Amino acid sequence: MTNSNDIIFAQALDCYVEIEYTNKKLSSIRFVKSGEGLKERKTQDFTFELERYFQGEKIGFSCGFDISHLSQFTQKVLVETGKIGYGKTSTYSQLAKNIGGLGARAVGGALARNPIPIVIPCHRVVAKNGIGGYSAGVGIKTRLLELEKSKANNL
DNA sequence: AGCAGGTTTAGCG
DNA sequence: CGCTAAACCTGCT
């Protein structure tokens with residue numbers, strides 16, 4: 001199998017984003033704080049889509065990604081999360097209820113295991129009172145929400 | 001079996 | 001209103 005990764009700089013987040021592909025399919029995304037030696041590198045189509053997203057364009061990602069190694073439950077949560085529209089937010093409990101009355105914490109756990117933020121908009125899932133948590137850092141989450149909120153208003 | 005995690009809700013001061 | 005405590009559910013050791 002072939003592995004490759006692209007890197008883009010997300011100005012809105014003030015950090016780099018590393019995108020990893022396995023067999024030309026998206027396998028993981030991770031945030032890298034501005035470090036030296038990082039150079040942007042764009043080889044896959046999806047990388048450009050993601051770049052446009054960070055520039056504030058409202059685009060949906062429907063590119064193929066592989067989460068088959070995750071548990072059934074986790075996949076369910078991720079899929080459900082993917083249904084949340086641009087600029088909208090949901091809560092852990094709401095999502096839990098949506099899937100079938102399970103624990104909100106379990107949902108949080110599933111999102112924490114989410115290998116690909118953004119594509120699976122885990123940042124749109126917040127706690128009932130306030131912002132929740134975020135594996136990659138709440139700061140990132142907040143900025144993503146701000147980005148989407150400003151664009152959604154300008155609809 | 002036990003523990004921890006991106007929560008929630010109820011109870012108390 | 002803000003804080004603590006107990007309850008929910010899944011994944012990992």
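Predicted model only: the values in this text are computed from it and were never measured.
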For this session: Could you measure between the two P atoms, the one in B:dG6 and the one in C:dA7, and give it in whole Å?
Result: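 Taking atom P in both B:dG6 and C:dA7, they lie 22 Å apart.
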Exercise. Side chain of A:Asn23, backbone of A:Lys25: donor and acceptor closer than 3.5 Å?
Worked result: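 Not a single qualifying donor-acceptor pair exists.
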For this session: Please figure out whether A:Thr74 or A:Ala104 has its closest DNA chain C nucleotide nearer the 5' end.
Result: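 Taking each residue's closest nucleotide, the earlier one in sequence belongs to A:Ala104.
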Would you indicate what [X] reaches in the nucleic acid, counting non-hydrogen atoms under 4.0 angstrom: base, sugar-phosphate, or nothing?
X: A:Leu102; result: sugar-phosphate
X: A:Gly133; result: base
X: A:Gly130; result: nothing
X: A:Val138; result: nothing
X: A:Ser135; result: base

For this session: Could you let me know what C:dC12 is paired to, Watson-Crick or G-U wobble, both distances under 3.5 Å, or none if it's on its own?
Result: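 Pair assignment: C:dC12 / B:dG2.
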Problem set entry | A:Arg41 side, atom CZ; A:Lys39 side, atom NZ - distance, nearest 0.5 Å |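 Interatomic distance, A:Arg41 CZ to A:Lys39 NZ, rounded to 0.5 Å: 10.5 Å.
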Exercise. For the side chain of A:Ser71 and the base of C:dG11, is some donor closer than 3.5 Å to an acceptor across the two?
Worked result: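 Flag unset: no donor-acceptor pair detected.
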Problem set entry | Plane angle bin for A:His123 and A:Tyr134 - parallel if under 30°, tilted between 30 and 60°, otherwise perpendicular |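 Ring orientation of A:Tyr134 relative to A:His123: perpendicular.
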For this session: Give a yes/no answer on whether the side chain of A:Lys141 brings an N or O atom under 4.0 Å of OP1 or OP2 in B:dG6.
Result: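 The answer is no; no side-chain N or O of A:Lys141 sits under 4.0 Å from OP1 or OP2.
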